[in-house]
2 protein chains.
Amino acid sequence: MDNRPIGFLDSGVGGLTVVRELMRQLPHEEVVYIGDSARAPYGPRPAQEIKKYTWELVRFLLTKDVKMIVFACNTATAVAWEEVKEKLDIPVLGVILPGSSAAIKSTVSGNIGVIGTPMTIASNIYEKKIKDLSPQMTVNSLACPKFVPIVESNEIQSSVAKKIVYESLAPLAGKVDTLVLGCTHYPLLRNIIQNVMGPHVKLIDSGAECVRDISVLLNYFEINRSRNIDNKKHCFYTTANIASFKEIADSWLPVTVKVEHVRL
Amino acid sequence: MDNRPIGFLDSGVGGLTVVRELMRQLPHEEVVYIGDSARAPYGPRPAQEIKKYTWELVRFLLTKDVKMIVFACNTATAVAWEEVKEKLDIPVLGVILPGSSAAIKSTVSGNIGVIGTPMTIASNIYEKKIKDLSPQMTVNSLACPKFVPIVESNEIQSSVAKKIVYESLAPLAGKVDTLVLGCTHYPLLRNIIQNVMGPHVKLIDSGAECVRDISVLLNYFEINRSRNIDNKKHCFYTTANIASFKEIADSWLPVTVKVEHVRL
(Lines give C-alpha, C1' and ligand atoms only; values in the text may rest on other atoms or scores of the structure.)
Protein backbone atom coordinates (compact mmCIF):
# COMPACT_ATOMS: atom_id res chain seq x y z
CA MET A 1 0.00 0.00 0.00
CA ASP A 2 1.15 3.48 -0.83
CA ASN A 3 -1.36 6.30 -0.52
CA ARG A 4 0.67 8.94 -2.31
CA PRO A 5 -0.62 10.32 -5.62
CA ILE A 6 0.34 9.27 -9.15
CA GLY A 7 2.01 12.05 -11.13
CA PHE A 8 1.04 12.77 -14.75
CA LEU A 9 2.87 15.05 -17.11
CA ASP A 10 1.93 16.33 -20.53
CA SER A 11 2.76 19.17 -22.87
CA GLY A 12 -0.76 20.47 -22.25
CA VAL A 13 -4.29 19.12 -21.85
CA GLY A 14 -3.94 15.92 -23.91
CA GLY A 15 -2.83 13.86 -20.93
CA LEU A 16 -6.26 14.47 -19.39
CA THR A 17 -7.47 11.66 -21.65
CA VAL A 18 -5.17 9.35 -19.70
CA VAL A 19 -6.40 10.74 -16.38
CA ARG A 20 -10.01 10.19 -17.45
CA GLU A 21 -9.21 6.56 -18.14
CA LEU A 22 -7.42 6.29 -14.78
CA MET A 23 -10.45 7.69 -12.98
CA ARG A 24 -12.60 5.08 -14.72
CA GLN A 25 -10.34 2.08 -14.11
CA LEU A 26 -8.77 3.05 -10.77
CA PRO A 27 -11.14 5.56 -9.16
CA HIS A 28 -9.49 5.29 -5.73
CA GLU A 29 -6.10 6.59 -6.91
CA GLU A 30 -5.12 10.22 -6.40
CA VAL A 31 -3.74 12.37 -9.24
CA VAL A 32 -1.24 15.19 -9.56
CA TYR A 33 -1.19 16.54 -13.09
CA ILE A 34 1.07 19.08 -14.74
CA GLY A 35 0.29 20.36 -18.24
CA ASP A 36 2.84 22.58 -19.94
CA SER A 37 0.34 24.39 -22.17
CA ALA A 38 2.47 27.56 -22.13
CA ARG A 39 5.03 25.70 -24.23
CA ALA A 40 2.70 23.36 -26.14
CA PRO A 41 2.87 21.86 -28.66
CA TYR A 42 6.09 19.99 -27.92
CA GLY A 43 5.91 18.12 -31.22
CA PRO A 44 7.71 20.61 -33.48
CA ARG A 45 10.46 21.46 -30.94
CA PRO A 46 14.04 20.13 -31.04
CA ALA A 47 14.65 16.98 -28.96
CA GLN A 48 17.05 18.67 -26.53
CA GLU A 49 14.46 21.31 -25.70
CA ILE A 50 11.72 18.72 -25.17
CA LYS A 51 14.06 16.77 -22.90
CA LYS A 52 14.81 19.87 -20.83
CA TYR A 53 11.11 20.74 -20.47
CA THR A 54 10.21 17.17 -19.59
CA TRP A 55 12.81 17.08 -16.81
CA GLU A 56 11.30 20.32 -15.45
CA LEU A 57 7.88 18.64 -15.33
CA VAL A 58 9.38 15.55 -13.69
CA ARG A 59 11.15 17.62 -11.04
CA PHE A 60 7.92 19.51 -10.34
CA LEU A 61 6.03 16.23 -9.82
CA LEU A 62 8.76 14.95 -7.51
CA THR A 63 8.19 17.96 -5.24
CA LYS A 64 4.60 16.68 -4.88
CA ASP A 65 5.83 13.35 -3.48
CA VAL A 66 4.36 11.15 -6.20
CA LYS A 67 4.80 7.36 -6.07
CA MET A 68 4.87 6.88 -9.85
CA ILE A 69 5.21 9.14 -12.88
CA VAL A 70 3.20 8.65 -16.04
CA PHE A 71 4.36 10.32 -19.23
CA ALA A 72 0.88 11.09 -20.54
CA CYS A 73 2.52 12.53 -23.63
CA ASN A 74 3.84 10.60 -26.58
CA THR A 75 6.36 13.26 -27.58
CA ALA A 76 7.93 13.33 -24.12
CA THR A 77 7.89 9.53 -24.03
CA ALA A 78 9.65 9.33 -27.40
CA VAL A 79 12.38 11.76 -26.35
CA ALA A 80 12.92 11.40 -22.60
CA TRP A 81 11.13 8.38 -21.09
CA GLU A 82 14.07 5.97 -21.14
CA GLU A 83 16.44 8.48 -19.57
CA VAL A 84 14.01 9.51 -16.82
CA LYS A 85 13.00 5.92 -16.07
CA GLU A 86 16.67 5.03 -15.74
CA LYS A 87 17.41 7.85 -13.30
CA LEU A 88 14.43 7.75 -10.92
CA ASP A 89 13.81 5.17 -8.22
CA ILE A 90 10.03 5.24 -8.63
CA PRO A 91 8.27 3.55 -11.57
CA VAL A 92 8.03 5.71 -14.69
CA LEU A 93 5.58 4.75 -17.41
CA GLY A 94 5.29 5.93 -20.96
CA VAL A 95 2.45 5.55 -23.45
CA ILE A 96 4.32 4.16 -26.43
CA LEU A 97 4.96 0.55 -25.42
CA PRO A 98 1.39 -0.06 -24.22
CA GLY A 99 0.07 1.45 -27.46
CA SER A 100 2.44 -0.60 -29.64
CA SER A 101 1.63 -3.79 -27.83
CA ALA A 102 -2.14 -3.21 -28.12
CA ALA A 103 -1.85 -2.44 -31.84
CA ILE A 104 -0.07 -5.74 -32.51
CA LYS A 105 -2.80 -7.62 -30.62
CA SER A 106 -5.52 -5.76 -32.54
CA THR A 107 -4.39 -5.95 -36.15
CA VAL A 108 -5.51 -8.78 -38.39
CA SER A 109 -4.00 -7.59 -41.69
CA GLY A 110 -0.66 -6.64 -40.11
CA ASN A 111 -1.04 -3.09 -41.45
CA ILE A 112 -0.88 -0.65 -38.57
CA GLY A 113 -1.22 3.12 -38.87
CA VAL A 114 0.35 5.49 -36.36
CA ILE A 115 -0.49 9.18 -36.12
CA GLY A 116 1.36 11.59 -33.85
CA THR A 117 3.14 14.90 -33.56
CA PRO A 118 6.02 15.66 -35.93
CA MET A 119 8.58 14.78 -33.23
CA THR A 120 6.94 11.48 -32.30
CA ILE A 121 6.70 10.45 -35.95
CA ALA A 122 10.23 11.68 -36.77
CA SER A 123 11.61 9.68 -33.83
CA ASN A 124 10.16 6.60 -35.55
CA ILE A 125 9.67 5.13 -32.10
CA TYR A 126 6.32 3.44 -32.70
CA GLU A 127 7.58 1.73 -35.83
CA LYS A 128 10.71 0.64 -33.99
CA LYS A 129 8.85 -0.73 -30.96
CA ILE A 130 6.19 -2.44 -33.07
CA LYS A 131 8.81 -4.07 -35.31
CA ASP A 132 10.95 -5.06 -32.34
CA LEU A 133 7.94 -6.90 -30.94
CA SER A 134 6.66 -8.22 -34.24
CA PRO A 135 8.97 -7.78 -37.26
CA GLN A 136 6.42 -8.82 -39.89
CA MET A 137 4.17 -5.81 -39.20
CA THR A 138 3.86 -2.97 -41.71
CA VAL A 139 3.70 0.44 -40.06
CA ASN A 140 2.35 3.52 -41.84
CA SER A 141 3.30 6.60 -39.85
CA LEU A 142 1.84 10.04 -40.36
CA ALA A 143 2.53 13.32 -38.59
CA CYS A 144 -0.58 15.39 -37.87
CA PRO A 145 0.86 18.74 -36.72
CA LYS A 146 -2.50 20.51 -36.77
CA PHE A 147 -4.31 18.25 -34.28
CA VAL A 148 -2.76 19.41 -30.99
CA PRO A 149 -3.43 23.11 -31.67
CA ILE A 150 -7.11 22.25 -32.36
CA VAL A 151 -7.39 20.48 -29.01
CA GLU A 152 -5.39 23.01 -26.97
CA SER A 153 -7.65 25.79 -28.31
CA ASN A 154 -10.73 23.64 -27.51
CA GLU A 155 -12.06 23.77 -31.06
CA ILE A 156 -12.73 20.07 -31.30
CA GLN A 157 -16.39 20.55 -32.25
CA SER A 158 -15.73 23.03 -35.04
CA SER A 159 -16.21 22.35 -38.74
CA VAL A 160 -12.62 23.47 -39.27
CA ALA A 161 -11.53 20.57 -37.02
CA LYS A 162 -13.46 18.09 -39.16
CA LYS A 163 -11.95 19.44 -42.35
CA ILE A 164 -8.41 19.34 -40.95
CA VAL A 165 -8.79 15.77 -39.66
CA TYR A 166 -10.30 14.62 -42.94
CA GLU A 167 -7.51 16.14 -45.02
CA SER A 168 -4.74 15.05 -42.67
CA LEU A 169 -5.76 11.38 -42.57
CA ALA A 170 -6.35 11.00 -46.32
CA PRO A 171 -2.95 9.30 -46.92
CA LEU A 172 -3.95 6.42 -44.57
CA ALA A 173 -7.43 5.77 -45.95
CA GLY A 174 -7.94 2.09 -46.78
CA LYS A 175 -4.36 1.16 -45.90
CA VAL A 176 -4.62 0.02 -42.27
CA ASP A 177 -7.01 -1.94 -40.05
CA THR A 178 -5.63 -0.50 -36.81
CA LEU A 179 -4.70 3.10 -36.07
CA VAL A 180 -2.65 4.10 -33.05
CA LEU A 181 -3.63 7.50 -31.67
CA GLY A 182 0.01 8.21 -30.89
CA CYS A 183 -0.67 11.45 -29.07
CA THR A 184 -2.75 11.78 -25.92
CA HIS A 185 -4.54 14.80 -27.36
CA TYR A 186 -6.04 12.75 -30.18
CA PRO A 187 -8.71 10.83 -28.23
CA LEU A 188 -10.43 14.21 -27.89
CA LEU A 189 -10.85 14.02 -31.67
CA ARG A 190 -11.76 10.34 -31.59
CA ASN A 191 -15.25 10.58 -33.08
CA ILE A 192 -14.06 12.62 -36.05
CA ILE A 193 -11.08 10.30 -36.59
CA GLN A 194 -13.31 7.21 -36.44
CA ASN A 195 -15.71 8.77 -38.97
CA VAL A 196 -12.89 9.58 -41.35
CA MET A 197 -11.16 6.17 -41.05
CA GLY A 198 -14.40 4.16 -41.16
CA PRO A 199 -16.01 1.83 -38.62
CA HIS A 200 -13.79 -1.15 -39.40
CA VAL A 201 -10.56 0.53 -38.35
CA LYS A 202 -9.73 -0.15 -34.70
CA LEU A 203 -8.46 2.96 -32.92
CA ILE A 204 -5.85 2.34 -30.22
CA ASP A 205 -5.85 4.91 -27.46
CA SER A 206 -2.27 4.75 -26.20
CA GLY A 207 -3.29 6.49 -22.97
CA ALA A 208 -6.08 4.05 -22.13
CA GLU A 209 -3.73 1.15 -22.81
CA CYS A 210 -1.21 2.79 -20.50
CA VAL A 211 -3.71 2.78 -17.62
CA ARG A 212 -4.02 -1.00 -17.78
CA ASP A 213 -0.25 -1.08 -17.32
CA ILE A 214 -0.45 1.38 -14.43
CA SER A 215 -2.78 -1.03 -12.68
CA VAL A 216 -0.43 -3.99 -13.15
CA LEU A 217 2.60 -2.01 -11.96
CA LEU A 218 0.77 -0.71 -8.90
CA ASN A 219 0.15 -4.36 -8.05
CA TYR A 220 3.67 -5.52 -8.90
CA PHE A 221 5.37 -2.83 -6.86
CA GLU A 222 2.68 -3.14 -4.17
CA ILE A 223 1.92 0.57 -4.20
CA ASN A 224 -1.85 0.61 -4.64
CA ARG A 225 -3.75 3.28 -2.73
CA SER A 226 -6.12 1.91 -0.14
CA ARG A 227 -9.75 2.10 -1.25
CA ASN A 228 -10.56 2.85 2.38
CA ILE A 229 -9.40 6.43 2.14
CA ASP A 230 -12.01 8.89 0.98
CA ASN A 231 -10.31 12.27 1.12
CA LYS A 232 -8.82 12.29 -2.36
CA LYS A 233 -7.40 15.63 -3.40
CA HIS A 234 -6.56 15.63 -7.08
CA CYS A 235 -4.26 18.52 -8.02
CA PHE A 236 -4.03 19.98 -11.52
CA TYR A 237 -1.38 22.46 -12.56
CA THR A 238 -0.92 24.34 -15.79
CA THR A 239 1.87 26.61 -16.97
CA ALA A 240 -0.63 28.67 -18.99
CA ASN A 241 -4.13 30.03 -18.56
CA ILE A 242 -6.11 28.43 -15.72
CA ALA A 243 -9.55 29.14 -17.17
CA SER A 244 -9.03 27.45 -20.50
CA PHE A 245 -7.34 24.41 -18.89
CA LYS A 246 -10.25 24.14 -16.44
CA GLU A 247 -12.84 24.41 -19.19
CA ILE A 248 -11.37 21.43 -21.02
CA ALA A 249 -10.71 19.45 -17.82
CA ASP A 250 -14.24 19.95 -16.50
CA SER A 251 -15.84 18.89 -19.75
CA TRP A 252 -13.55 15.89 -20.14
CA LEU A 253 -13.18 14.48 -16.62
CA PRO A 254 -15.89 12.94 -14.41
CA VAL A 255 -15.05 15.37 -11.58
CA THR A 256 -14.79 19.14 -11.31
CA VAL A 257 -11.17 20.03 -10.76
CA LYS A 258 -9.25 22.77 -9.06
CA VAL A 259 -6.51 24.15 -11.29
CA GLU A 260 -3.49 26.12 -10.19
CA HIS A 261 -1.04 28.08 -12.26
CA VAL A 262 2.62 27.19 -11.91
CA ARG A 263 5.73 28.79 -13.32
CA LEU A 264 8.52 26.30 -14.07
CA MET B 1 14.73 -7.25 -26.09
CA ASP B 2 15.80 -10.28 -24.13
CA ASN B 3 15.57 -13.64 -25.84
CA ARG B 4 16.12 -15.76 -22.74
CA PRO B 5 13.27 -17.98 -21.54
CA ILE B 6 10.71 -17.27 -18.82
CA GLY B 7 10.95 -19.66 -15.87
CA PHE B 8 7.83 -21.22 -14.33
CA LEU B 9 7.70 -23.16 -11.10
CA ASP B 10 4.93 -25.22 -9.56
CA SER B 11 4.46 -27.98 -7.05
CA GLY B 12 3.45 -30.20 -9.98
CA VAL B 13 1.42 -29.98 -13.17
CA GLY B 14 -1.01 -27.22 -12.15
CA GLY B 15 1.26 -24.47 -13.42
CA LEU B 16 0.80 -25.87 -16.93
CA THR B 17 -2.50 -23.97 -16.96
CA VAL B 18 -0.48 -20.76 -16.72
CA VAL B 19 1.90 -21.93 -19.46
CA ARG B 20 -1.05 -22.74 -21.70
CA GLU B 21 -2.33 -19.20 -21.24
CA LEU B 22 1.17 -17.84 -21.93
CA MET B 23 1.39 -19.82 -25.16
CA ARG B 24 -1.97 -18.35 -26.19
CA GLN B 25 -1.21 -14.72 -25.28
CA LEU B 26 2.55 -14.59 -25.93
CA PRO B 27 3.33 -17.43 -28.34
CA HIS B 28 6.80 -16.12 -29.19
CA GLU B 29 8.12 -16.43 -25.61
CA GLU B 30 10.20 -19.45 -24.58
CA VAL B 31 9.41 -21.47 -21.46
CA VAL B 32 11.42 -23.38 -18.87
CA TYR B 33 9.10 -25.19 -16.47
CA ILE B 34 9.84 -27.12 -13.31
CA GLY B 35 7.11 -29.12 -11.58
CA ASP B 36 7.86 -30.69 -8.22
CA SER B 37 5.33 -33.53 -8.54
CA ALA B 38 7.51 -35.81 -6.39
CA ARG B 39 6.66 -33.62 -3.41
CA ALA B 40 3.16 -32.45 -4.46
CA PRO B 41 0.83 -31.40 -3.02
CA TYR B 42 2.56 -28.50 -1.26
CA GLY B 43 -0.72 -27.34 0.29
CA PRO B 44 -0.70 -29.48 3.46
CA ARG B 45 3.03 -29.00 4.20
CA PRO B 46 4.48 -26.63 6.83
CA ALA B 47 5.41 -23.17 5.57
CA GLN B 48 9.15 -23.61 6.23
CA GLU B 49 9.24 -26.76 4.13
CA ILE B 50 7.35 -25.10 1.26
CA LYS B 51 9.77 -22.18 1.41
CA LYS B 52 12.76 -24.52 1.24
CA TYR B 53 11.32 -26.44 -1.73
CA THR B 54 10.41 -23.23 -3.53
CA TRP B 55 13.95 -21.89 -3.20
CA GLU B 56 15.22 -25.16 -4.69
CA LEU B 57 12.94 -24.66 -7.69
CA VAL B 58 14.05 -21.03 -8.00
CA ARG B 59 17.72 -21.98 -7.91
CA PHE B 60 17.11 -24.64 -10.55
CA LEU B 61 15.46 -22.09 -12.85
CA LEU B 62 18.34 -19.66 -12.33
CA THR B 63 20.74 -22.29 -13.67
CA LYS B 64 18.67 -22.17 -16.89
CA ASP B 65 19.39 -18.43 -17.30
CA VAL B 66 15.77 -17.28 -17.17
CA LYS B 67 14.91 -13.58 -17.53
CA MET B 68 11.86 -13.72 -15.26
CA ILE B 69 10.41 -16.20 -12.80
CA VAL B 70 6.69 -16.90 -12.52
CA PHE B 71 5.36 -18.61 -9.42
CA ALA B 72 2.70 -20.63 -11.21
CA CYS B 73 1.63 -21.96 -7.83
CA ASN B 74 -0.57 -20.20 -5.31
CA THR B 75 0.86 -22.05 -2.33
CA ALA B 76 4.43 -21.09 -3.18
CA THR B 77 3.27 -17.52 -3.87
CA ALA B 78 1.54 -17.32 -0.50
CA VAL B 79 4.59 -18.57 1.38
CA ALA B 80 7.70 -17.46 -0.51
CA TRP B 81 6.95 -14.95 -3.30
CA GLU B 82 7.73 -11.78 -1.37
CA GLU B 83 11.02 -13.13 -0.07
CA VAL B 84 12.19 -14.41 -3.46
CA LYS B 85 11.09 -11.25 -5.27
CA GLU B 86 13.05 -9.20 -2.75
CA LYS B 87 16.24 -11.23 -3.21
CA LEU B 88 16.45 -11.68 -7.00
CA ASP B 89 17.42 -9.04 -9.51
CA ILE B 90 15.08 -10.35 -12.21
CA PRO B 91 11.28 -9.80 -12.08
CA VAL B 92 9.43 -12.41 -10.03
CA LEU B 93 5.67 -12.73 -10.45
CA GLY B 94 3.11 -14.49 -8.33
CA VAL B 95 -0.47 -15.42 -9.11
CA ILE B 96 -2.23 -13.99 -6.07
CA LEU B 97 -2.24 -10.26 -6.74
CA PRO B 98 -3.42 -10.62 -10.35
CA GLY B 99 -6.19 -12.98 -9.19
CA SER B 100 -7.25 -10.67 -6.35
CA SER B 101 -7.30 -7.65 -8.58
CA ALA B 102 -9.38 -9.42 -11.25
CA ALA B 103 -11.88 -10.66 -8.65
CA ILE B 104 -12.48 -7.11 -7.38
CA LYS B 105 -13.07 -5.91 -10.94
CA SER B 106 -15.45 -8.82 -11.63
CA THR B 107 -17.72 -8.87 -8.57
CA VAL B 108 -20.97 -6.92 -8.54
CA SER B 109 -22.33 -8.10 -5.17
CA GLY B 110 -19.01 -7.67 -3.37
CA ASN B 111 -19.13 -11.32 -2.30
CA ILE B 112 -16.02 -13.10 -3.53
CA GLY B 113 -15.25 -16.78 -3.02
CA VAL B 114 -11.70 -18.10 -2.93
CA ILE B 115 -10.79 -21.77 -3.16
CA GLY B 116 -7.28 -23.08 -2.71
CA THR B 117 -5.03 -25.56 -0.97
CA PRO B 118 -5.09 -25.75 2.85
CA MET B 119 -1.87 -23.70 3.07
CA THR B 120 -3.07 -20.97 0.70
CA ILE B 121 -6.37 -20.66 2.55
CA ALA B 122 -4.71 -20.83 6.00
CA SER B 123 -2.31 -18.06 4.97
CA ASN B 124 -5.41 -15.90 4.39
CA ILE B 125 -3.44 -14.14 1.70
CA TYR B 126 -6.26 -13.72 -0.82
CA GLU B 127 -8.56 -12.23 1.79
CA LYS B 128 -5.78 -9.93 2.95
CA LYS B 129 -4.85 -8.74 -0.56
CA ILE B 130 -8.48 -8.31 -1.63
CA LYS B 131 -9.32 -6.32 1.50
CA ASP B 132 -6.17 -4.24 1.22
CA LEU B 133 -7.28 -3.24 -2.27
CA SER B 134 -10.97 -2.94 -1.46
CA PRO B 135 -11.94 -3.11 2.23
CA GLN B 136 -15.70 -3.37 1.66
CA MET B 137 -15.42 -6.77 -0.02
CA THR B 138 -16.64 -9.93 1.69
CA VAL B 139 -14.37 -12.90 1.10
CA ASN B 140 -15.51 -16.49 1.62
CA SER B 141 -12.47 -18.75 1.64
CA LEU B 142 -12.57 -22.51 1.35
CA ALA B 143 -9.78 -25.09 1.35
CA CYS B 144 -10.26 -27.89 -1.18
CA PRO B 145 -7.53 -30.39 -0.22
CA LYS B 146 -8.80 -33.11 -2.55
CA PHE B 147 -8.57 -31.15 -5.81
CA VAL B 148 -4.78 -31.23 -6.41
CA PRO B 149 -4.52 -35.02 -5.95
CA ILE B 150 -7.32 -35.48 -8.54
CA VAL B 151 -5.40 -33.37 -11.05
CA GLU B 152 -1.94 -34.78 -10.31
CA SER B 153 -3.32 -38.31 -10.84
CA ASN B 154 -5.04 -37.15 -14.07
CA GLU B 155 -8.49 -38.26 -12.92
CA ILE B 156 -10.20 -35.04 -13.90
CA GLN B 157 -12.77 -36.79 -16.11
CA SER B 158 -13.81 -39.36 -13.52
CA SER B 159 -17.17 -39.47 -11.75
CA VAL B 160 -15.29 -39.48 -8.45
CA ALA B 161 -13.87 -36.07 -9.42
CA LYS B 162 -17.37 -34.70 -10.03
CA LYS B 163 -18.61 -35.99 -6.69
CA ILE B 164 -15.64 -34.53 -4.79
CA VAL B 165 -15.96 -31.12 -6.44
CA TYR B 166 -19.71 -31.05 -5.80
CA GLU B 167 -19.34 -31.93 -2.12
CA SER B 168 -16.34 -29.65 -1.56
CA LEU B 169 -17.97 -26.54 -3.00
CA ALA B 170 -21.34 -26.96 -1.26
CA PRO B 171 -20.50 -24.38 1.49
CA LEU B 172 -20.11 -21.63 -1.17
CA ALA B 173 -23.28 -22.34 -3.16
CA GLY B 174 -25.38 -19.20 -3.62
CA LYS B 175 -23.04 -17.05 -1.52
CA VAL B 176 -20.71 -15.50 -4.11
CA ASP B 177 -20.90 -14.05 -7.61
CA THR B 178 -17.17 -14.45 -8.29
CA LEU B 179 -14.96 -17.39 -7.44
CA VAL B 180 -11.18 -17.22 -7.51
CA LEU B 181 -9.55 -20.46 -8.57
CA GLY B 182 -6.75 -19.89 -6.08
CA CYS B 183 -4.67 -22.84 -7.20
CA THR B 184 -3.25 -23.28 -10.67
CA HIS B 185 -4.37 -26.90 -10.71
CA TYR B 186 -8.04 -25.90 -10.51
CA PRO B 187 -8.55 -24.64 -14.09
CA LEU B 188 -8.15 -28.30 -15.09
CA LEU B 189 -11.40 -28.86 -13.17
CA ARG B 190 -12.98 -25.68 -14.52
CA ASN B 191 -15.96 -27.24 -16.30
CA ILE B 192 -17.00 -29.25 -13.25
CA ILE B 193 -16.52 -26.23 -10.96
CA GLN B 194 -18.60 -24.02 -13.28
CA ASN B 195 -21.38 -26.63 -13.37
CA VAL B 196 -21.45 -26.88 -9.60
CA MET B 197 -21.35 -23.12 -8.97
CA GLY B 198 -23.83 -22.27 -11.73
CA PRO B 199 -23.47 -20.21 -14.91
CA HIS B 200 -23.81 -16.83 -13.18
CA VAL B 201 -20.71 -17.23 -11.04
CA LYS B 202 -17.64 -15.72 -12.71
CA LEU B 203 -14.58 -17.95 -12.29
CA ILE B 204 -11.27 -16.11 -11.98
CA ASP B 205 -8.29 -18.09 -13.25
CA SER B 206 -5.42 -16.60 -11.26
CA GLY B 207 -2.91 -18.03 -13.74
CA ALA B 208 -4.54 -16.50 -16.80
CA GLU B 209 -4.71 -13.15 -15.02
CA CYS B 210 -1.05 -13.53 -14.19
CA VAL B 211 -0.14 -13.84 -17.88
CA ARG B 212 -1.65 -10.43 -18.63
CA ASP B 213 0.74 -9.09 -15.98
CA ILE B 214 3.67 -10.99 -17.49
CA SER B 215 3.00 -9.19 -20.77
CA VAL B 216 2.97 -5.76 -19.12
CA LEU B 217 6.16 -6.46 -17.16
CA LEU B 218 7.97 -7.76 -20.23
CA ASN B 219 7.14 -4.40 -21.80
CA TYR B 220 7.99 -2.35 -18.74
CA PHE B 221 11.37 -4.00 -18.22
CA GLU B 222 11.92 -4.13 -22.00
CA ILE B 223 12.65 -7.84 -21.99
CA ASN B 224 10.29 -9.15 -24.65
CA ARG B 225 11.59 -11.94 -26.84
CA SER B 226 11.91 -10.99 -30.49
CA ARG B 227 9.14 -12.49 -32.62
CA ASN B 228 11.78 -12.87 -35.31
CA ILE B 229 13.35 -15.90 -33.67
CA ASP B 230 11.82 -19.21 -34.63
CA ASN B 231 13.92 -21.80 -32.84
CA LYS B 232 12.02 -21.89 -29.57
CA LYS B 233 13.06 -24.74 -27.31
CA HIS B 234 10.61 -25.06 -24.45
CA CYS B 235 12.03 -27.18 -21.62
CA PHE B 236 9.89 -29.04 -19.10
CA TYR B 237 11.29 -30.70 -16.00
CA THR B 238 9.61 -32.83 -13.37
CA THR B 239 10.92 -34.27 -10.13
CA ALA B 240 8.64 -37.31 -10.54
CA ASN B 241 7.52 -39.63 -13.32
CA ILE B 242 8.16 -38.29 -16.83
CA ALA B 243 5.39 -40.28 -18.52
CA SER B 244 2.53 -39.06 -16.36
CA PHE B 245 3.75 -35.44 -16.51
CA LYS B 246 4.01 -35.69 -20.29
CA GLU B 247 0.54 -37.20 -20.62
CA ILE B 248 -1.02 -34.24 -18.83
CA ALA B 249 1.20 -31.67 -20.57
CA ASP B 250 0.49 -33.04 -24.04
CA SER B 251 -3.25 -33.07 -23.48
CA TRP B 252 -3.26 -29.61 -21.92
CA LEU B 253 -0.77 -27.61 -24.00
CA PRO B 254 -1.00 -26.67 -27.69
CA VAL B 255 2.43 -28.21 -28.37
CA THR B 256 3.98 -31.62 -27.74
CA VAL B 257 6.64 -31.23 -25.11
CA LYS B 258 9.87 -32.90 -24.20
CA VAL B 259 10.04 -33.69 -20.49
CA GLU B 260 13.17 -34.43 -18.50
CA HIS B 261 13.50 -35.80 -15.01
CA VAL B 262 15.45 -33.78 -12.51
CA ARG B 263 16.56 -34.51 -8.98
CA LEU B 264 16.67 -31.43 -6.74
Side-chain angles (χ1 to χ4, degrees), chain A residues 1-3 24-29 68-71 77 81-82 85-86 90-105 107 110 125 128-137 206 209-230, chain B residues 1-3 24-29 68-71 77 81-82 85-86 90-105 107 110 125 128-137 206 209-230:
Chain A
M1 288 290 128
D2 187 334
N3 295 324
R24 199 181 67 77
Q25 291 186 36
L26 301 167
H28 54 290
E29 291 292 340
M68 170 186 274
I69 290 181
V70 179
F71 277 40
T77 304
W81 173 64
E82 297 207 353
K85 182 183 169 209
E86 194 76 25
I90 55 172
V92 181
L93 268 86
V95 283
I96 288 171
L97 267 172
S100 303
S101 200
I104 292 167
K105 280 182 196 145
T107 186
I125 192 162
K128 189 178 169 315
K129 294 291 178 194
I130 289 170
K131 294 210 161 195
D132 272 356
L133 292 168
S134 193
Q136 71 276 24
M137 296 288 151
S206 56
E209 298 301 328
C210 170
V211 175
R212 272 182 272 277
D213 289 20
I214 293 172
S215 172
V216 170
L217 290 170
L218 290 173
N219 277 343
Y220 181 75
F221 292 111
E222 299 178 84
I223 53 173
N224 286 285
R225 187 170 192 271
S226 169
R227 288 177 207 233
N228 228 0
I229 299 176
D230 282 336
Chain B
M1 288 289 129
D2 186 335
N3 295 324
R24 198 181 67 77
Q25 290 185 38
L26 301 168
H28 53 289
E29 291 292 339
M68 171 187 272
I69 290 181
V70 179
F71 278 41
T77 304
W81 173 64
E82 296 206 355
K85 182 183 167 208
E86 194 76 25
I90 54 173
V92 180
L93 268 86
V95 282
I96 289 171
L97 267 173
S100 303
S101 199
I104 292 168
K105 279 182 197 146
T107 185
I125 191 162
K128 191 179 167 311
K129 294 291 179 195
I130 289 170
K131 294 209 163 197
D132 272 356
L133 291 169
S134 193
Q136 71 276 24
M137 296 286 150
S206 56
E209 298 301 329
C210 170
V211 175
R212 271 180 274 275
D213 289 19
I214 292 173
S215 172
V216 171
L217 291 171
L218 291 173
N219 277 343
Y220 181 75
F221 292 111
E222 300 176 84
I223 53 173
N224 286 284
R225 186 170 192 273
S226 169
R227 288 178 207 232
N228 229 359
I229 300 176
D230 282 336

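Letters A, B, ... mirror the listed sequences (proteins, then strands); counts begin at 1.
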- Look up atom CG in B:Asp132 and atom CZ in A:Arg225, then write down how far apart they are to the nearest 0.5 Å. 14.0 Å

- Below 4.5 Å from any heavy atom of chain B, which atoms of A:Ser215 appear? Answer side chain, backbone, both or neither. side chain

- Query: About how many Å separate CZ of A:Phe221 and CG of B:Leu97, when rounded to the nearest 0.5 Å?
  - Reply: 12.5 Å

- Taking atom CG of B:Leu218 and atom OG of A:Ser101, what is their separation to the nearest 0.5 Å? 9.0 Å

- Item | Side chain to side chain, B:Ser226 and A:Lys131, heavy atoms closer than 4.5 Å | no

- Proximal component of B:Asp213, with respect to chain A [non-hydrogen, under 4.5 Å]: both

- Message: Please give me the minimum heavy-atom distance between B:Leu217 and A:Tyr220, naming the atom from each residue.
- Response: CD1-CD1, 3.5 Å

- Message: Quick check on A:Ile96 against chain B: is it the side chain, the backbone, both or neither that has a heavy atom closer than 4.5 Å?
- Response: neither

- Checking B:Ile214 against chain A: side chain, backbone, both or neither under 4.5 Å from a heavy atom? neither

- Among B:Lys105, B:Glu222, B:His28, which residue forms the greatest number of heavy-atom pairs with chain A at distances under 4.5 Å? B:Glu222

- What is the distance from atom OG of B:Ser100 to atom CG of A:Asn219, rounded to the nearest 0.5 Å? 8.0 Å

- Item | Between A:Gln25, A:Glu82, A:Gln136, A:Arg212, the one whose heavy-atom pairs under 4.5 Å with chain B are most numerous | A:Glu82

